[in-house]
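Shown next, in structure tokens, is the structure this report addresses.
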Amino acid sequence: MTHPKQPFARRIVIAFTLMTLVVSGFFSLSIVAIVHFVERHLVSQELKSELDIVVNKDIRQGLAPRLDANTRFFASDLPQYAIPGSLQQVEKGFSELREGDRSYYVYAIRSDGQTYMLVEDQSEFEEREQLLFNVILLCFLLSVMGAWLLGLLLARKVIAPVIRLARQVRHRDQLLPLAPPLAPEYPDDEVGHLAAAFDSTLGQLRQSLERERLFTSDVSHELRTPLMVIQGACELLDEADLPPQAHRQVARIGRAAQEMHELVQTFLILARARREEAAIGGSASLASVAEEQSQRWGAPIRAKGLDFELVVEDTDSASYNLTFLRTVLSNLLRNALHYTENGTVRLILENGGFRVEDSGTGIPADQRERIFQPFVRGEQARGEGLGLGLSLVKRICAHQGWQVRVSNLESGGSCFRVRLK
């Protein structure tokens, strides 16, 4: 079943106007029909009565017909009242006749084989009748116009509480735990019931968001202690006299612990209710974070047999959230490492953003939006991840007002572009 796409207020105006159009049109046509019927009936009775008097009294007594100036008498057996040729075919009874611009009422009877008739000029009556019809038409048009205007006013009045409710629901403060309920502000009608339904749904949404925030915050806090222990142990083992193979394993454990620490810090900041609280993560320039991540990921990328390049196309002097920017760069470089088998990985800095390009297999156009969803991985999945890296990148960018897009390079491979302002 298809639903109309017209705005609700417009549908109210249209319905109101159409209803008035039908009702007013019906009454206008009824008035016209009644006037026409009454006209024929009254004029017919009047002419019949006058013709009876003329034939049965005046003519039999040899008197001239006593008629007004607009009425004429004709008879087939009286030469002085001979019937004109245009009236020879007039039928018995009442009829209307038009000659040029003038209209006439005609009433004819037949008695003893003779025809008698009265002809009354109705031009003046027709003018009054036309004036009446014009007034009816004007009233009809005014009623439709008035219905349209009244429909606009009523629609605005009816829609006003719905628009107000929609604005309140859209307001970002409605997701705050202490946001007041909406239903008490509205009467106990359909809008009030709608507000109560919003209160129920928003309440469940607030509870879900609060549970997620508390869970993320609590888990992040609880994980920081064991991570600090692991990092401390890795530092002690790194200073110990161990075989080269053991040192490499310790370094690997240390990197994993550092990544986990940064991830926990990212989730902890994202769990906070207000964006301004994210400033606790510190700030840094794009160039400094890019240099740090290049040193961190350049080695494993080259160890895989790939070339790694840090290219500065333009400088950027702005400062950004250190934790978020570090996480975004780290996840994009890790993604390029996992999905590139040969060729080059490039980190290109721009004014207000950066690009991560690789020479991998690329991403099909129908999957470029899906890869930013949680637990979604490419067709040729690499690494040990669960498909949360790009989802986290998308979430951070949305939180910070950044933009991230992915496209394929003409030479092959993928390009992730992040705009920071």
Side-chain angles (χ1 to χ4, degrees), residues 248 251-267 281-282 284-314 316 320-350 352-363 368 371-372 374 376-378 380-397 399-400 402-409 411-420:
R248 287 194 293 270
R252 183 179 179 185
I253 295 173
R255 287 195 301 269
Q258 179 63 27
E259 292 178 14
M260 180 66 73
H261 176 76
E262 294 174 0
L263 190 60
V264 168
Q265 184 70 8
T266 300
F267 282 129
S285 65
L286 174 60
S288 62
V289 178
E291 181 64 31
E292 173 195 78
Q293 294 301 311
S294 296
Q295 294 178 4
R296 176 179 174 182
W297 290 101
I301 289 175
R302 293 187 180 96
K304 190 177 179 180
L306 305 173
D307 294 329
F308 176 75
E309 298 178 11
L310 173 60
V311 181
V312 181
E313 288 187 350
D314 201 351
D316 187 316
Y320 306 98
N321 184 282
L322 174 60
T323 302
F324 286 150
L325 185 55
R326 179 184 288 162
T327 302
V328 170
L329 270 168
S330 177
N331 278 280
L332 292 180
L333 289 173
R334 180 194 294 111
N335 185 77
L337 169 64
H338 289 165
Y339 287 90
T340 306
E341 293 302 321
N342 51 68
T344 305
V345 175
R346 305 171 70 208
L347 173 57
I348 305 172
L349 304 186
E350 306 171 337
F354 62 90
R355 306 193 306 273
V356 175
E357 298 180 353
D358 62 64
S359 56
T361 59
I363 303 172
R368 292 174 189 170
I371 61 172
F372 289 107
V376 174
R377 307 183 69 191
Q380 299 177 350
R382 301 287 191 274
E384 300 175 353
L386 298 176
L388 294 175
L390 293 180
S391 172
L392 181 58
V393 168
K394 186 74 171 181
R395 183 177 175 185
I396 291 174
C397 289
H399 183 275
Q400 292 296 104
W402 301 343
Q403 295 180 357
V404 56
R405 298 195 306 271
V406 60
S407 60
N408 286 348
L409 300 173
S411 58
S414 304
C415 173
F416 286 84
R417 180 187 294 269
V418 177
R419 297 300 304 171
L420 303 176

Looking at residues at least two apart in the chain, or sitting in another chain, which of them share a side-chain contact (heavy atoms from CB on, under 4.5 Å) with Leu409?
-> Glu357, Ser411, Cys415

Contacts of Arg302 meeting salt bridge (Lys or Arg N to Asp or Glu O under 4.0 Å) (sequence neighbours excluded), chain-then-number -> none

The side chain to side chain contact (heavy atoms under 4.5 Å, CB included) partner of Val328 among Leu390, Leu333, Ile396, Val289 is Ile396

Considering non-hydrogen atoms only, spot the tightest contact between Lys304 and Thr340 and give its length.
-> NZ-O, 2.9 Å

Measure the shortest side-chain to side-chain distance between Leu286 and Tyr320 over non-hydrogen atoms and say whether it is less than 4.5 angstrom.
-> yes

Heavy-atom nearest pair, Gly353 first then Asp316, reads N-OD2, 4.0 Å

Distance in Å, Leu420 CG paired with Glu350 CD, rounded so as to fall on 0.5 Å steps | 9.5 Å

Atom CD1 in Ile371, atom NZ in Lys394: separation rounded to 0.5 Å?
-> 9.5 Å

Once you round to the nearest 0.5 Å, how far does CD of Glu313 lie from CZ of Phe354?
-> 13.5 Å

Mind checking what makes side-chain contact (heavy atoms from CB on, under 4.5 Å) contact with Asn331, not counting sequence neighbours?
-> Thr327, Arg334, Leu392, Val393

Mind checking what makes salt bridge (Lys or Arg N to Asp or Glu O under 4.0 Å) contact with Arg248, not counting sequence neighbours?
-> none

CH2/Trp402 to CZ/Phe324 distance, rounded to the nearest 0.5 angstrom?
-> 7.5 Å

Taking only residues two or more places apart in sequence or in another chain, which ones pass side-chain contact (heavy atoms from CB on, under 4.5 Å) with Val312?
-> Leu349

Gln403, CD: over 12 other non-hydrogen atoms inside 6.0 angstrom | no

Drop me the distance from Arg326's CZ to Asn321's CG, to the nearest 0.5 angstrom.
-> 10.0 Å

Least distance between heavy atoms, Leu322 atom then Ala284 atom | CD1-CB, 3.7 Å

Residues in side-chain contact (heavy atoms from CB on, under 4.5 Å) contact with Ser294, at least two apart in sequence or another chain | Phe308, Leu310, Leu347

Spacing of Arg395 atom CZ and Gln400 atom CD [to the nearest 0.5 Å] = 12.0 Å

Minimal non-hydrogen separation, Gly362 against Ser414, with atom names = CA-OG, 3.3 Å

Specify the closest pair of heavy atoms between Gly343 and Ser359, including all atoms of both residues, with the distance to one decimal.
-> CA-OG, 3.1 Å

Is there a donor-acceptor contact under 3.5 Å from the side chain of Asp358 to the main chain of Gly413?
-> no

Nearest heavy atoms of Trp297 and Ser330, plus distance in Å = NE1-OG, 3.3 Å

Is there a donor-acceptor pair closer than 3.5 Å between any side-chain N or O of Asn408 and the backbone N or O of Ile363?
-> yes

Would the number of heavy atoms belonging to other residues, nucleotides or ligands and lying under 6.0 Å from CZ of Arg405 be above 12?
-> no

Side chains of Phe372 and Val406: does their closest heavy-atom pair fall under 4.5 Å?
-> yes

